[in-house]
There are 2 protein chains.
Amino acid sequence: MTEQHETPGGVSGETLRAVQKDIPQATVARLAAYLRVLAMLADDGVPIVSSEELAVAAGVNSAKLRKDLSFLGPNGVRGVGYDVAKLRARIEDVLGLSEGHRVVLVGAGNLGRALVGYGGFRRRGFTVVGIFDNDPEMIGLPVAGLEVRDVADLAEAVAELRPTIAVLAVPEDAAQQACDQLVAAGLQSILSFAALGLQAPASVEVRRVDLAVEMQLLSFERARNAENDNDALAVLPEAAAASGRAARSPASAARAATVPAAITRSAGPRATSHQAMEPTSKGSVVTP
Amino acid sequence: MTEQHETPGGVSGETLRAVQKDIPQATVARLAAYLRVLAMLADDGVPIVSSEELAVAAGVNSAKLRKDLSFLGPNGVRGVGYDVAKLRARIEDVLGLSEGHRVVLVGAGNLGRALVGYGGFRRRGFTVVGIFDNDPEMIGLPVAGLEVRDVADLAEAVAELRPTIAVLAVPEDAAQQACDQLVAAGLQSILSFAALGLQAPASVEVRRVDLAVEMQLLSFERARNAENDNDALAVLPEAAAASGRAARSPASAARAATVPAAITRSAGPRATSHQAMEPTSKGSVVTP
DNA sequence: AACTGTGAAAACTTTCACAGCA
DNA sequence: TGCTGTGAAAGTTTTCACAGTT
């Protein structure tokens, strides 16, 4: 949590605390996106990046990116750009990722297995340390190098594994019970793939990823674009026909991919075709 | 905006068109969330719901909900509330869901199978009509009542199946190629689970669900709350200790679950404990 | 009396455009 | 010169509070 990267010498918790409090929601959602791009750049051995380059890769405009980064304090060098490694470390720090996270997975079905197998997971500092299920057939089986354990042993296992995040990938009808068990075991951050809202103490952060919501947003955009296309066709037949990899209308250009949350937070950021933004909030499969 | 449902008689396309254009992004992301709650209410046989009840269930405040619904035209009855069935139909209409959607899935691995098995999917009007993979071992196997087909046959199959949405659940390194095939086959709406941004024509809507982003947002909230808790503890030790299912500080109360997109659109909406909001945009696993 | 629909105010976010530093 | 960091303007979203309807 604490920490600063540029300035040597210890920075107090005060500093980071202040920073975290004042970072706008919208900005936080995008920081995670910048991080992904930075990781790619780092893999490619790129040492320095300008706000313009980074912004394009992340699907936002450069003014927004610079404003976002300005909330984290000075990160770049004028006339030069941002040091990829430094900026990356700084963002990880602010997002509370620098220590990495130990994750327990509840539900070893298809979704659960898909999740542990998801490479971007470990690559981004999330280590699955335990897998649980309530199906006797499943318990004991090896999944991703771990043995599936009985969800009844959760409390005890948590004491031993010390996870910071739990991922809930169980059927709808088992979700609330599993959630209660996680809460009882002391987990404070839960990412749930159940469509229904889970009841949990206010002190526990439950984030929901709802695939259907993402699909619905996709549906809306399609409906809206179809509309626009009709309008355009009515007025400018050739222009509309020549679409291909061409430009999109300004109105829809701001739209793109992101999922604020795993599959979700909704109202997320938007983005242009190759990269999308708007995590959340909206976007995203994050749903209420 | 225009439009009326109560009134019998055909409503023109003009009307719906105008409505869609003017609905704020943030509102659209939340409509999908309201829909889920409405579906639950309908299942429970609840005929009428007030803005307050619906808002609480969706994790937003009632003023926001009423404002959101006002963009769809008059939907309720003053002094009474909203007709659950009517409101549901109206929202589905606006989101372009009323005709339902035919979905093709590319990638029959764990994630793909988890997705077709996901009940909330079909229940919300999305019907999987085709499953594709490029693994010879996989092709021909039955999954969810469908036979896995060769992704090479996609173009041909699309002509036959007429899907409106494609879900991409393949490994990172195969994602761009699969995306290109979908685009070539004429798909216009793609929900991708690949972490990387996909290159596609501007006319194609690509929505990304990135699980890692959701986890990162969860990490940030935890870091921020830990901070607040420290502050609270320093000042009010007992109050902080008595957390249980107690109230959360106003600052963090606004936070909750949602994933604007499947797993995100970023910056999505937030919500209170039992129900969360802020799709996507942002919320959600929607990422840039 | 109960509850919706909505202008107007407040809060938040994005964009502009430029001063300032390397 | 090139690019960051940032006030100030513009645009969007949320909240308030109340008039209007049943």
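The chains referred to below are lettered A, B, ... by the order of the sequence lines, with proteins before strands, and numbering in each begins at 1. All figures in this text were calculated on a predicted structure; none of them were measured in a lab.
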List, one per line, each side-chain donor-acceptor pair under 3.5 Å for residues 38-45 of chain B, sequence neighbours excluded.
none

B/S98-B/E92 side chain donor-acceptor pair, cut-off 3.5 Å: no
A/R66 side chain to A/S51 side chain, donor-acceptor N/O pair below 3.5 angstrom: yes
Between [X] ([atom1]) and [N] ([atom2]), how many Å, whole number?
X     : N      : atom1 : atom2 : answer
A/L54 : D/dC3  : CG    : C1'   : 13 Å
B/D83 : C/dT4  : CG    : P     : 13 Å
B/L69 : D/dT14 : CG    : P     : 13 Å
A/K64 : D/dT4  : NZ    : P     : 17 Å
A/E52 : C/dC16 : CD    : P     : 12 Å
A/D22 : D/dT6  : CG    : P     : 14 Å
B/R30 : D/dT13 : CZ    : P     : 9 Å
A/L65 : D/dG5  : CG    : P     : 10 Å

Where the side chain of [X] is defined as all heavy atoms beyond and including C-beta, which of [options] is the nearest nucleotide?
X     : options                : value
B/A26 : D/dT13, C/dG5, D/dT6   : D/dT13
A/R78 : C/dT13, C/dA19, D/dG20 : C/dA19
B/A63 : C/dG5, D/dC16, D/dT13  : D/dC16
A/R66 : D/dT15, D/dT4, C/dT14  : D/dT4

Presence of salt bridge, A/R124 and B/D210, under 4.0 angstrom: yes
Can you check whether [X] has a side-chain N or O nearer than 4.0 Å to OP1 or OP2 of [N]?
X     : N      : answer
B/N61 : D/dT15 : yes
B/Y82 : C/dA2  : no
B/S51 : C/dC3  : no

Donor-acceptor under 3.5 Å (A/E221 side chain, A/L218 main chain): no
Residue met sooner reading DNA chain D from 5', once A/F71 and A/G79 are mapped to nucleotides: A/G79
Residue whose nearest DNA chain C nucleotide is more 5′ - A/V77 or A/K67: A/K67
